[in-house]
K.L.:
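I have a structure I would like to understand better, so I am pasting it below and will then ask my questions one at a time.
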Amino acid sequence: MLSVLVLHGPNLNLLGLREPEIYGHTTLDDVNQGLQRQADHLGVKLEILQSNHEGALVDAIHSARNRHQGLVINAGAYTHTSVALRDAIAGIAIPTVEVHLSNIHRRESFRHHSYMAAVVVGQICGFGVNSYYLGLQALVHHLQEQAGTSL
Ligand code: DQA
């Protein structure tokens, strides 16, 4: 069975409370439950982790090697600052989908650049919590296509 790691970066533990006009009212627990339901439906295994610490996220990405076939990541603000996370994703060479609740390209200019974007399969942003579900779906389709098992 395919196994996917979902990583939530800094401040996403505050989802539902944090700037709800931008990020909505859904909590991280709700998102994770929705992801688990979707994973059951898609027939994949999920591990989900949130951390506010850059090094912990780097460690988690490294740990995906040999344990997971794909990665969905919302790196939060580290998206725009972290060469270390970018290098970790490039280093493990596991297909990765970058997701954001908000459309980072129509917000402040410091959010327009993503260090991840050049090393991921694709980016999904602007659909609120649906960005996660669309991201997981896109990743699983990509992995199945790679394995030649789709359609
Ligand atoms: C975010 C967008 C980032 O710019 C921001 O720092 C976040 C959340 C999003 O999901 O829209 O923490 O990644």
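Given the structure is predicted, the values throughout are model-derived calculations rather than measurements. We're numbering straight along the sequence, starting at 1. We count ligands from 1, going down the list as the structure has it; atoms in each ligand are counted the same way.
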K.L.:
So, does Tyr78 sit close enough to ligand 1 that a heavy atom of it is under 4.0 Å from the ligand?
P.N.:
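No, that is not the case, since the closest heavy atom of the residue is not under 4.0 Å from the ligand.
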
K.L.:
State whether the number of non-hydrogen atoms from other residues, nucleotides or ligands found under 6.0 Å of Arg65 atom CZ is greater than 12.
P.N.:
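No, because the 6.0 Å sphere around CZ of Arg65 holds 12 heavy atoms or fewer from other groups.
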
K.L.:
May I ask whether Arg18 places a heavy atom under 4.0 Å from ligand 1?
P.N.:
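Yes.
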
K.L.:
Tell me which one of Glu19, His100, Arg111 gets a heavy atom nearest to atom 1 (C) of ligand 1.
P.N.:
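Looking at heavy atoms only, His100 sits closest to atom 1 (C) of ligand 1.
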
K.L.:
What protein heavy atom is closest to atom 9 (C) of ligand 1, reported as residue, atom name and distance in Å?
P.N.:
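Nearest neighbour among protein heavy atoms for atom 9 (C) of ligand 1, to 0.1 Å: Leu101 N, 3.4 Å.
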
K.L.:
With a 4.0 Å cut-off on heavy atoms, does Asn11 reach ligand 1?
P.N.:
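So Asn11 does not count as touching ligand 1.
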
K.L.:
Does a donor on one side chain and an acceptor on the other come within less than 3.5 Å for Ser102 and Arg107?
P.N.:
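Distance-only check passes for Ser102 and Arg107.
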
K.L.:
Among all protein heavy atoms, pick the one closest to atom 11 (O) of ligand 1 and tell me residue, atom and distance.
P.N.:
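Of the protein heavy atoms, Ser102 OG, 2.6 Å lies nearest.
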
K.L.:
Do side-chain atoms of Gln50 reach the backbone of Gly9 as a donor and acceptor pair under 3.5 angstrom?
P.N.:
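Looks like yes, one N/O pair under 3.5 Å.
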
K.L.:
Going by the atom numbers of ligand 1, which of them fall below 4.0 Å from some non-hydrogen atom of His80?
P.N.:
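Numbered from 1, ligand 1 contributes 3 (C), 4 (O).
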
K.L.:
After noting the C-alpha distance and the side-chain angles of Tyr115 and His113, does the key distance pass the ring pair (Phe, Tyr, Trp, His ring centres under 6.0 Å) rule?
P.N.:
CA-CA 7 Å; Tyr115 278 103; His113 177 256; 4.7 Å; yes

K.L.:
Provide the number and element of each atom of ligand 1 under 4.0 Å from a heavy atom of Ile104.
P.N.:
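Close to Ile104: 2 (C).
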
K.L.:
State the atoms of ligand 1, each with its element, that fall below the 4.0 Å cut-off from a heavy-atom position in Tyr23.
P.N.:
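Numbered from 1, ligand 1 contributes 5 (C), 7 (C), 8 (C), 9 (C), 11 (O).
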
K.L.:
Using every non-hydrogen atom in the two residues, find where Ala60 and Leu5 come nearest and quote the distance to one decimal.
P.N.:
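In terms of heavy atoms, the two residues are closest at O-CD2, 3.6 Å.
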
K.L.:
May I ask you to check whether Ala77 has an N/O atom sitting below 3.5 Å from an N/O atom of ligand 1?
P.N.:
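It does: an N or O of Ala77 is found under 3.5 Å from an N or O of ligand 1.
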
K.L.:
Taking Leu46 as the starting point, is it possible to reach Met1 by hopping between hydrophobic residues whose side chains are less than 4.5 Å apart?
P.N.:
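Met1 does not cluster with Leu46.
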
K.L.:
His105 and His112: which non-hydrogen atoms are nearest, and at how many Å?
P.N.:
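Looking at all heavy atoms of both residues, the closest pair is O-NE2, 3.2 Å.
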
K.L.:
State if Thr79 counts as touching ligand 1 under the rule of any non-hydrogen atom under 4.0 Å.
P.N.:
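Judged by the 4.0 Å heavy-atom criterion, Thr79 does not count as contacting ligand 1.
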
K.L.:
Verify the neighbour count for atom NE2 of His53: are there more than 12 heavy atoms of other residues, nucleotides or ligands below 6.0 Å?
P.N.:
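Check fails, neighbour count at 12 or below.
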
